[in-house]
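Worksheet: the structure to be examined is printed underneath.
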Amino acid sequence: MALLAAWLLASSLRFMLVKVGEPMSAACVFQGEEDTRNLYKEGDVVIGGLFPVHYSPRSFKPSYQKKPEPTEYNFSARALRWTQTMAFAIEEINQRRDLLPRLKLGYHIRDSCDDIPVSLRSSLLLVSGPPDLNANSACRGVPRPVSPVIIGDAASGVSMAILRTLGSFGIPLVSYFASCNCLSNKKEFPTFMRTMPSDAFQIKAIAKLIRYFHWTWVGVIGVESDYARFAIQLFLEESSKYGACAAYVHFYPVLLSKESIADLMQTIRGSTAKVILNFSGESELQTILTECRRQNMTHIQWIASEAWATAKSLWGEFQGLLTGTLGFAIRKAEIPGLQGFLTRGLLVRAHQSPFFAELWEETFNCKLNVSLNRHVHSDAALSRRPCAEEEEAPEAVRSDYSDVSQLRVSYNVYKAVYLVAQALHDMSGCTRGAGPFENGTCADPENVLPWQLLHYMKQASFNMLGEQVSFDKNGDPIASYDLMNWQKGPDGSLQLVKVGFYDTSLGGEKELVINDTAIWWHWGQQGPPASVCSASCTPGSRKATRKGEPICCFDCLPCTEGEINSLDCRRCSVETWPNEAQDHCVPKTTEFLSYHGSMGIVLCTCSLFGLFVTMAIFGVFVAYRTTPVVRGNNMELSFLLLIFLSVCFLSGLTFIGEPTDWLCRIRYTTFGISFSLCISCILAKTVVVLMAFRATLPDSRVMRWFGPAQQRASVFLCTCIQIVICLIWLTTRPPLAVRNTRHHSSRIILECVVGSDVGFWSVLGYIGLLACLCFLLAFLARKLPDNFNEAKFITFSMLIFFAVWITFIPVYISTSGQYMVAVHIFAILASAFGILLCIFAPKCYIVLLKPEKNTKKQMIMKQTADKRPI
């Protein structure tokens, strides 16, 4: 790039020192053809201007075997209006008394031809001045003052090339239409400012527009230029935030060949995208639209970048393709007096300026007599008829040149001129000794240095037609756009209708405002066209992205269990579940072993029945407490065992009902301690049986050491160990009530978790240890005489106890919810009933049904009959 700039700079040198008749003479010779097509007005400060009055150069490769022919360009009446807006603004400022009263501004406007080589040549002429061709001897300098600042150019790529050439000299460039975000890079372009918002803001506006209309599959095309490349890169980044995808990204050259246009058309035809975003100028788009019309590609909804969002020149030939186009255009304004200035004395100016001569000839399709227009035209233009003297200017008023209904770029030019004027005005008001430069010095407005002017331009802030104009640290203005819709007027003309706006000062979602009802869609559609890779999933299905494809391309899969039939199969929260229609989430039903459920009622009834039977046996034993059967089987321990069995039956009730933290702690400790009491009593009864038998032997005093007090103490001691285990459990990791959502997705199970598995299994293990001791001792005492044969029944009760709890463990682990609780209650009731029936049912049978056996005589007789050596 540096080599290119150096070459262009060298090729633009306008003088060559050659001595006539001698080598290296002192004479000045202008290098190349002089371009007299410019507009000039004298002034104390002459502002330079670059405008693409001509555009779209014809591509050719010179052989240099003969003098290269001039390049053929197209004429832009719109750009000529921009030049006159600059001239009008300068004349307006010169007439004001409150702005630059002691300075007169001038202008030097040249044609950039929207071509980098021409733009560089013109910019160098602006900042160094043209040669004095009237001097035939030596170099006498330049006849015109040089420009300390240039207003231009329109294209971002051209502006970048100029900046890389003139930037090293500190000459400021103020663009009115270059929007590339890359130009905000102050490290690379420190002397650049603009009245055109950066593409960074336009891209955000376009991305929000696409999101607003739910377009997720958009074709993106752009001309091969820095402007398009940077803009498309920004668009891809910004649109991805809103879930939109580029169906394709295609760059095409400025000069479209048949191969290039065919490649582009194939890309567009091969995609299902119905919305195309184009970053280019109007000239490049003409070739594309011509081919679209030829191939009958009329289904496209165009999104225009600001470069062609208001380009009326495209309408006449392509209105059938462009109806309904949407695009963001910079804010427009009404500049008082501009229209009269544009149309005043057009014929006179046509005889004085090549630009206006060409405007006249292009407007009326004729050739002026002694025309100043030396611009190269097509063969058709060369055969034009002579212009009649009586032809007037009303037709020209209706051209793009004098159309002031959409003053957008013209308004930017207007603001750029006033920016320079305001900077000069601030410079003029500097107080000596308090200036912004070294040692408090001030700049001289009549001898302006470009870098000093740039300082004041960066600080400028002024009011323009009701708008406050200011610039950020990058030299960019506040971004504000109008959303324009291309509509066909009653007479077939283009109506650029404002259907919304984008204003960054509003912030957030308020930045973009759209009036849907005012939009005229392509081919009279009632709503925006659908442009998606995959149609939205219907309720009851969800997106499943396709491997290797953008996120906008997906398949629709049915919603899974636990998801409602929304557009995205939204999963319900942990506490909710889809209703029967699966259209919204409802709270999950909570499940626990309730007193109102059939299972809870059965278990509660069994627990109460067990309590009733226990109390009934207790009553029988109290009533028959003096009988041998009751007295002969350790009556006190029997009463304690019955009381503790009642507690066991009642502990089963604590497992029914809605769990809470305290209820969970009570149920497990009650269960553990009550069964420890029961088994401890049985163990004591078993030991008493063995001790009683040992007491019948000669000289045995065993019963003296295991009397009633010792029996109660043994029960208490065995139970205290279980109490200690429970206390450790409760103080470390106690049982808790939890809402279990893992086992059943549609229900919430309210249950108690043991907290510490070690604590829970320690409680069960200790009960099992006591039961093993009981079983072992009872088994040893099973063959004692009948009156002591309670050990047989204890043995059976322990067998039942073991059977119940050994079965309980795997069933308890494999179940969940209320069934797990029911298993636990069942184990409690089964083991309690087993102990109650095995130990007390035989005694009740004798007491109630066989009273004749419940006598002391019968007990002694049976003892004598059964007594035998052991």
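This chain uses plain numbering: 1 for the first residue, then up along the sequence.
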Basic-acidic side-chain contact under 4.0 Å: R408, D482 = yes
request  = Carefully, step by step, assess L314 and Q286 under the rule side chain to side chain contact (heavy atoms under 4.5 Å, CB included).
outcome  = CA-CA 7 Å; L314 297 171; Q286 283 182 340; 3.3 Å; yes
message = Determine whether L125 and R110 satisfy the following criterion, side chain to side chain contact (heavy atoms under 4.5 Å, CB included), listing intermediate values before the conclusion.
response = CA-CA 9 Å; L125 289 173; R110 303 193 75 90; 3.6 Å; yes
request  = Output yes when a side-chain donor or acceptor of K186 lies under 3.5 Å from a complementary backbone atom of N474, and no otherwise.
outcome  = yes
query = What's the shortest heavy-atom distance between V254 and V223, and which atoms?
reply = CG2-CG2, 3.6 Å
task = Please report the C-alpha distance between R229 and E224 in whole Å, then the side-chain angles of each, then the deciding distance to 0.1 Å, and finally whether the salt bridge (Lys or Arg N to Asp or Glu O under 4.0 Å) criterion is met.
result = CA-CA 7 Å; R229 277 193 293 271; E224 277 284 0; 2.8 Å; yes
query = Is the F88 ring parallel, tilted or perpendicular to the Y414 ring (thresholds 30°, 60°)?
reply = parallel
request  = Mark yes or no for whether T431, through its side chain, and A434, through its backbone, hold a donor-acceptor pair below 3.5 Å.
outcome  = no
query = Under 3.5 Å, is there a donor-acceptor pair linking the side chains of S156 and D226?
reply = no
ask   = Are any of the side-chain heavy atoms of L465 and P336 separated by less than 4.5 Å?
value = yes
task = Show the numbers, then the answer: is there a salt bridge (Lys or Arg N to Asp or Glu O under 4.0 Å) between K312 and D403?
result = CA-CA 10 Å; K312 289 188 174 182; D403 182 8; 2.7 Å; yes
key: Distance in Å, C113 SG paired with R121 CZ, rounded so as to fall on 0.5 Å steps   = 10.5 Å
request  = Report yes if the side chains of Y40 and I109 come closer than 4.5 Å at any heavy-atom pair, otherwise no.
outcome  = no
request  = Would you check, one step at a time, whether the test side-chain hydrogen bond (donor to acceptor under 3.5 Å, both in side chains) holds for Y252 with N278?
outcome  = CA-CA 11 Å; Y252 50 85; N278 177 57; 2.7 Å; yes
NZ/NE/NH1/NH2 to OD/OE distance under 4.0 Å, R164 and E188 = yes
query = Do the side chains of F279 and I221 get nearer than 4.5 Å, heavy atoms only?
reply = no
query = So, do F235 and I206 sit near enough that their side-chain heavy atoms are less than 4.5 Å apart?
reply = yes
key: Heavy-atom check, side chain of R81 versus side chain of L342, under 4.5 Å   = yes
note = Correct closest heavy-atom pair for P445 and V45 would be O-CG2, 3.4 Å
task = Nearest 0.5 Å please: distance from the OG atom of S470 over to the CD1 atom of I478.
result = 4.0 Å
request  = Give the C-alpha distance, both sets of side-chain angles, the deciding distance and a yes or no for side-chain hydrogen bond (donor to acceptor under 3.5 Å, both in side chains) between E92 and Y418.
outcome  = CA-CA 10 Å; E92 187 178 69; Y418 267 86; 2.6 Å; yes
ask   = What distance do F51 atom CZ and S122 atom OG have between them, rounded to the nearest 0.5 Å?
value = 12.0 Å
ask   = So, R78 and E282, do they make that salt bridge, N to O below 4.0 Å?
value = yes
remark   = The reported gap from CZ in R102 to CZ in R97 (rounded to nearest 0.5 angstrom) is 12.5 Å
message = Please give me the minimum heavy-atom distance between P436 and H455, naming the atom from each residue.
response = CB-NE2, 3.4 Å
task = Return the orientation label for the Y502 and F328 ring planes: parallel under 30°, perpendicular over 60°, tilted otherwise.
result = perpendicular
task = State, yes or no, whether a side-chain contact exists between D111 and V118 at a heavy-atom distance under 4.5 Å.
result = no
query = Does the S175 side chain pair with the main chain of R194, one donor and one acceptor, at a distance under 3.5 Å?
reply = no
message = I'd like to know if the side chain of Y401 pairs up with that of T343 as donor and acceptor (distance under 3.5 Å, no hydrogens or angles considered).
response = no
query = Is a side-chain donor or acceptor of T441 paired with a backbone partner of E438 at a separation under 3.5 angstrom?
reply = yes
request  = List the atom of A307, the atom of Y227, and the distance in Å for their closest heavy-atom pair.
outcome  = CB-OH, 3.7 Å
ask   = Are F437 and W451 close enough that their ring centers fall under 6.0 Å?
value = yes
remark   = Rounded to the nearest 0.5 Å, the CD atom of Q95 sits from the CD1 atom of I90 at a distance of 12.5 Å
task = Please check if the side chain of S147 supplies one atom and the backbone of I150 the other of a donor-acceptor pair under 3.5 Å.
result = no
query = Judged by modelled atom types alone, do Q202 and S179 share a side-chain donor-acceptor pair under 3.5 Å?
reply = no
ask   = Can you check whether N412's main-chain N or O pairs, donor with acceptor, with T195's side chain at less than 3.5 Å?
value = yes
ask   = Does Y456 offer a backbone N or O that forms a donor-acceptor pair with the side chain of Q459 under 3.5 Å?
value = no
ask   = Do we see a donor-acceptor contact under 3.5 Å between the side chains of Y107 and E91?
value = no
query = Pick from K332, R331, K415: which one makes a salt bridge (Lys or Arg N to Asp or Glu O under 4.0 Å) with E467?
reply = K415
remark   = Between V448 and M427 the two heavy atoms that sit nearest each other are CG1-CE, 4.3 Å
query = Between S119 (side chain) and S112 (backbone), is there a donor-acceptor pair under 3.5 Å?
reply = yes
inquiry  = Regarding S402 and Q339, do their side chains bring together a donor and an acceptor under 3.5 Å, going by distance alone?
reply    = no
note = Of all heavy-atom pairs linking L50 and S123, the shortest is CD1-CB, 4.0 Å
query = V417 versus T85: any side-chain heavy-atom pair under 4.5 Å?
reply = no
query = Is the F75-Y55 ring centre distance short of 6.0 angstrom?
reply = no
message = Under 6.0 Å from the ring centre and within 45 degrees of the ring axis: does the NZ or CZ of R349 meet both conditions for the six-membered ring of F356?
response = yes
task = State the CG-CG distance between L346 and L359, to the nearest 0.5 angstrom.
result = 6.5 Å
query = Quick one: does D153's side chain have a donor or acceptor within less than 3.5 Å of a partner on V158's backbone?
reply = no
inquiry  = Can you confirm whether L103 sits close enough to S428 that some side-chain heavy atom of one is under 4.5 Å from a side-chain heavy atom of the other?
reply    = yes
request  = Output yes when a side-chain donor or acceptor of D476 lies under 3.5 Å from a complementary backbone atom of D472, and no otherwise.
outcome  = no
request  = Any chance you could lay out the side chain to side chain contact (heavy atoms under 4.5 Å, CB included) test for T504 and S480, step after step, and finish with the verdict?
outcome  = CA-CA 6 Å; T504 56; S480 180; over 6 Å; no
key: Verdict with supporting geometry, L39 and Q84, side chain to side chain contact (heavy atoms under 4.5 Å, CB included)   = CA-CA 9 Å; L39 301 173; Q84 293 308 291; 3.3 Å; yes
